[in-house]
Structures are given as C-alpha cells and as structure tokens.
Q: 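Okay, here's the structure, questions in a sec.
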Amino acid sequence: MFTEQGPTVRELAVQALSSIERGYDLLAPKFDHTPYRTPDRVLDAVTDEVRRLGPFDTGLDVCCGTGAGVGVLRRLCRERVVGVDFSAGMLAEARAAFPPEGERPAEEEPAGEGPAVDWVRADARSLPFAPAFDLALSFGAFGHFLPAERFGLFAEVHGSLRAGGQFVFPIGAPPPVGSRAYWTLLGFDAAMRVRNALWRPQFVMYYRTFRLGDVLEDLTRAGFAVRLTPLAELGRRPDGSPRARLVVATRE
C-alpha cells in the first residue's frame with residue numbers, strides 16, 4: 001500500500017494512537033506517499049466537471065491537507081484561492097507546495113500568473129470567513145466528522161459562499177455487499193470503534209458513515225439546492241451505474 005517514502009508501520013501506529021490533529025501533524029511530511037492522498041485521476045475528473053459550472057473568481061478548499069484540492073482550485077479560479085485545515089503540519093506541507101503570493105520564486109511563477117493562494121489554520125466546524133467564495137470543495141475529509149457534526153459543517157461552508165456559490169465534492173458508489181472492499185471498510189470501521197472505546201483521545205475516521213441519502217438531507221437543511229452529476233471519467237460499475245458522482249450544492 002505504501003511507497004518506500006511513506007510512513008512505517010510504527011509511525012502509523014503512533015499516529016493512530018494520537019488525536020486527529022496530532023496524528024495528521026505527524027503524518028504530514030509523508031502524507032502524499034500514502035493511499036490517503038486523493039488520486040490524480042479523481043482530481044482531474046472533478047476539475048473537468050467543475051470547470052463546466054464556472055467561471056469562478058474565488059475558491060475555498062475545506063480540510064485542505066497538503067493542498068491537492070488547492071491545486072484543483074488554481075486551475076479553476078481567477079483571483080484568489082484559500083486552503084483551510086486545523087493541522088499545522090499539513091498546512092506547512094501545503095504552503096511549501098503552493099507558496100502564498102510573493103513567496104514563490106519569480107522563475108517558478110511569473111508575476112500575475114494564477115490566483116493568489118492563502119492558507120488559514122481553522123476548524124472546519126467553525127470557519128472564519130464571511131460569504132466571500134464562489135466555489136468550495138473538499139476531498140476525502142468527511143470521515144473525520146461524526147454524523148451529528150455534518151449539518152454544522154455544511155452550514156459553515158454555506159455561510160462562506162456568496163449567493164449562487166457552489167460547494168462540490170466527489171462521492172464514490174458503495175462497494176457491493178460481500179466484496180473485498182466491503183469487508184475491508186467494515187473491518188476498518190469496526191477496529192476504529194474499538195480503538196475509540198478503549199483509548200483517548202479519540203481518532204475519528206469512519207468510512208461508512210457518509211451515506212449519500214443522509215448527506216443530501218443535511219445539505220438541503222443547511223440551505224443548499226443539490227444535484228448529482230456522474231464523473232464519467234472514473235468509469236461505471238458492471239450494472240452501468242457510475243463509480244463516482246459529483247455532488248453540486250448551490251447556495252440559493
């Protein structure tokens with residue numbers, strides 16, 4: 001699962017026994033060498049689909065990690081892009097990959113090319129933004145929020161968007177019951193629940209709590225008009241249904 005540049009088993013064990021914030025601070029330097037980093041093919045598929053919804057001036061990457069989503073926003077937005085995360089370690093890696101305006105060497109990014117990039121350390125459950133963004137997105141972060149927190153998270157994103165602004169994220173089709181992927185995810189969630197019952201601080205990371213029906217209901221309650229569009233580039237399952245969809249939630 002991991003490259004030679006990725007974390008060792010011992011390092012992963014230490015991270016798993018830490019808090020979410022501390023765990024990601026420790027993982028940050030090697031995060032992009034793990035399977036947890038969103039694959040480029042998913043980033044590209046989302047970019048191509050979201051580009052049809054634009055144009056956009058300003059973008060927000062919610063729970064940005066090492067900045068993969070900011071890379072997407074830089075291809076879609078014309079003026080300003082912001083990445084927000086509560087892990088100082090992840091933000092340090094992201095800043096190194098995408099320095100704020102004025103910190104990138106001139107030969108790497110000529111003046112006036114691309115949107116300005118800023119980084120903000122904050123909890124996504126309490127975003128420090130006025131309605132300033134045309135587009136918000138997030139990749140792979142929702143398993144870190146308990147179902148009871150999801151509505152509040154969506155409400156915070158809603159409050160950071162201008163009227164007509166859009167919140168987008170990919171969501172994969174659930175694995176077939178009884179498949180290897182099904183049992184893998186079930187086993188991971190079960191192990192995580194046992195860990196959290198026996199150890200403090202908790203490390204919230206559940207793969208099976210982000211169910212599409214519940215997600216759509218919470219988005220609607222938060223004030224979004226929601227639609228789904230297939231991510232055709234990611235293919236289809238044997239029954240013809242898409243392997244992944246893009247959730248497009250618009251602030252009315």
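Numbers here are sequence positions counted from 1. No hydrogens, no waters, no symmetry mates; every other heavy atom, side chains included, goes into these values. These numbers were taken from a predicted model, which means no experiment stands behind them.
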Q: Judged by atom type as modelled, is there a donor-acceptor pair below 3.5 Å linking the side chain of Ser138 to the main-chain atoms of Val62?
A: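 Here the side-chain-to-backbone pair exists.
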Q: Side chain of Trp199, backbone of Ser18: donor and acceptor closer than 3.5 Å?
A: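 No; zero donor-acceptor contacts below 3.5 Å.
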Q: Nearest heavy-atom pair of Arg75 and Arg51: which atoms, and what distance?
A: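 Reported closest heavy-atom pair: O-NH2, 3.7 Å.
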Q: Please list, chain by chain and in numerical order, all residues satisfying side-chain hydrogen bond (donor to acceptor under 3.5 Å, both in side chains) with Asp123, sequence neighbours excluded.
A: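 Asp123: side-chain hydrogen bond (donor to acceptor under 3.5 Å, both in side chains) contacts with Arg125.
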Q: What closest approach, in Å, do Arg195 and Pro201 show between heavy atoms, and which atom pair accounts for it?
A: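 It is NH1-O, 2.6 Å.
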Q: Between Glu217 and Arg211, is the closest basic N to carboxylate O distance under 4.0 Å?
A: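 No salt bridge links Arg211 with Glu217.
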Q: So, applying ring-ring contact (aromatic ring centres under 6.0 Å, His included) with His144, which one of Tyr206, Phe210, Tyr24 is it?
A: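 Result for ring-ring contact (aromatic ring centres under 6.0 Å, His included) with His144: Tyr24.
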Q: Could you go through the salt bridge (charged side-chain N to carboxylate O under 4.0 Å, His left out) check for Lys30 and Glu93 one step at a time?
A: CA-CA 9 Å; Lys30 298 183 178 181; Glu93 295 298 317; over 6 Å; no
Q: Taking Glu79's backbone N and O only, do any of them form a donor-acceptor pair with Asp57's side chain (distance below 3.5 Å, no angle check)?
A: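 The answer is no, because no donor-acceptor pair under 3.5 Å joins these two groups.
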Q: Applying side chain to side chain donor-acceptor pair (under 3.5 Å) as the test, list every pair that has at least one member in residues 218-228; sequence neighbours left out.
A: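 Every side chain to side chain donor-acceptor pair (under 3.5 Å) pair that includes a residue of residues 218-228, provided the two are not neighbours, is Arg150-Asp218, Asp218-Arg221.
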Q: Is it the case that over 12 heavy atoms from other parts of the model lie below 6.0 angstrom from the CZ atom of Arg243?
A: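 Yes, enclosed.
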Q: side-chain contact (heavy atoms from CB on, under 4.5 Å) for Met192 and Phe203? Distances and angles first, verdict last.
A: CA-CA 8 Å; Met192 187 60 68; Phe203 192 103; 4.2 Å; yes
Q: Only one of Leu76, Leu135, Val247 forms a side-chain contact (heavy atoms from CB on, under 4.5 Å) with Val168, so which one is it?
A: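 Checked Leu76, Leu135, Val247 against Val168; only one passes side-chain contact (heavy atoms from CB on, under 4.5 Å): Leu135.
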Q: Indicate the atoms forming the closest heavy-atom contact of Ala249 with Leu219, along with that distance.
A: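 Looks like CB-CD2, 4.1 Å.
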Q: Tell me whether the count of non-hydrogen atoms from other residues, nucleotides or ligands lying under 6.0 Å of CZ in Arg237 goes above 12.
A: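 Yes, CZ of Arg237 has more than 12 neighbouring heavy atoms, counting only those of other groups under 6.0 Å.
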Q: If you compare all heavy atoms of Asp239 against all heavy atoms of Ser241, which two are closest, and at what distance to 0.1 Å?
A: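 Shortest heavy-atom contact: OD1-OG, 2.6 Å.
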Q: If the condition is ring-ring contact (aromatic ring centres under 6.0 Å, His included), which residues does Phe188 pass it with, not counting sequence neighbours?
A: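 By the ring-ring contact (aromatic ring centres under 6.0 Å, His included) rule, Phe188 matches Tyr207.
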Q: Just jot down the side-chain hydrogen bond (donor to acceptor under 3.5 Å, both in side chains) partners of Arg80, sequence neighbours excluded, or say none.
A: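 Counting only residues at least two positions away or on another chain, Arg80 forms a side-chain hydrogen bond (donor to acceptor under 3.5 Å, both in side chains) with Asp118.
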Q: Does atom CZ (Arg200) have a neighbourhood of more than 12 heavy atoms from anything else shown, all under 6.0 Å?
A: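 Yes, enclosed.
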Q: Give me the atom names and distance for the closest heavy-atom approach of Ser87 to Asp25.
A: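 Taking every non-hydrogen atom into account, OG-OD1, 2.6 Å.
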Q: Quick one: does Asn196's side chain have a donor or acceptor within less than 3.5 Å of a partner on Gln202's backbone?
A: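 Not a single qualifying donor-acceptor pair exists.
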Q: For the side chain of Asp189 and the backbone of Arg208, is there at least one donor-acceptor N/O pair under 3.5 Å apart?
A: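 Side chain of Asp189 to backbone of Arg208: a pair is present.
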Q: Please confirm whether Phe142 and Phe169 have ring centers closer than 6.0 angstrom.
A: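 Centroid distance Phe142-Phe169: below 6.0 Å, so yes.
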Q: Tabulate below the donor-acceptor pairs under 3.5 Å that side-chain atoms of residues 170-181 make, not counting sequence neighbours, or state none.
A:
residue: Ser179; atom: OG; partner: Pro176; partner atom: O; Å: 2.7
residue: Ser179; atom: OG; partner: Tyr182; partner atom: N; Å: 3.2

Q: Show which side-chain atoms of residues 154-162 pair as donor or acceptor with protein atoms under 3.5 Å away, not counting sequence neighbours.
A:
residue: Glu156; atom: OE1; partner: Leu127; partner atom: N; Å: 2.8
residue: His158; atom: NE2; partner: Gly223; partner atom: O; Å: 3.3
residue: Ser160; atom: OG; partner: Glu156; partner atom: O; Å: 3.0
residue: Arg162; atom: NH1; partner: Thr58; partner atom: OG1; Å: 3.4
residue: Arg162; atom: NH1; partner: Asp134; partner atom: OD1; Å: 2.9
residue: Arg162; atom: NH1; partner: Asp134; partner atom: OD2; Å: 3.3
residue: Arg162; atom: NH2; partner: Ala132; partner atom: O; Å: 3.3

Q: I need the minimum non-hydrogen distance between Ala45 and Leu231, along with the two atoms involved.
A: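 Closest approach of Ala45 to Leu231: O-CD2, 3.8 Å.
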Q: Using side-chain contact (heavy atoms from CB on, under 4.5 Å), reason through Leu60 and Phe129 one step at a time and then give a plain yes or no.
A: CA-CA 10 Å; Leu60 175 67; Phe129 305 115; 3.7 Å; yes
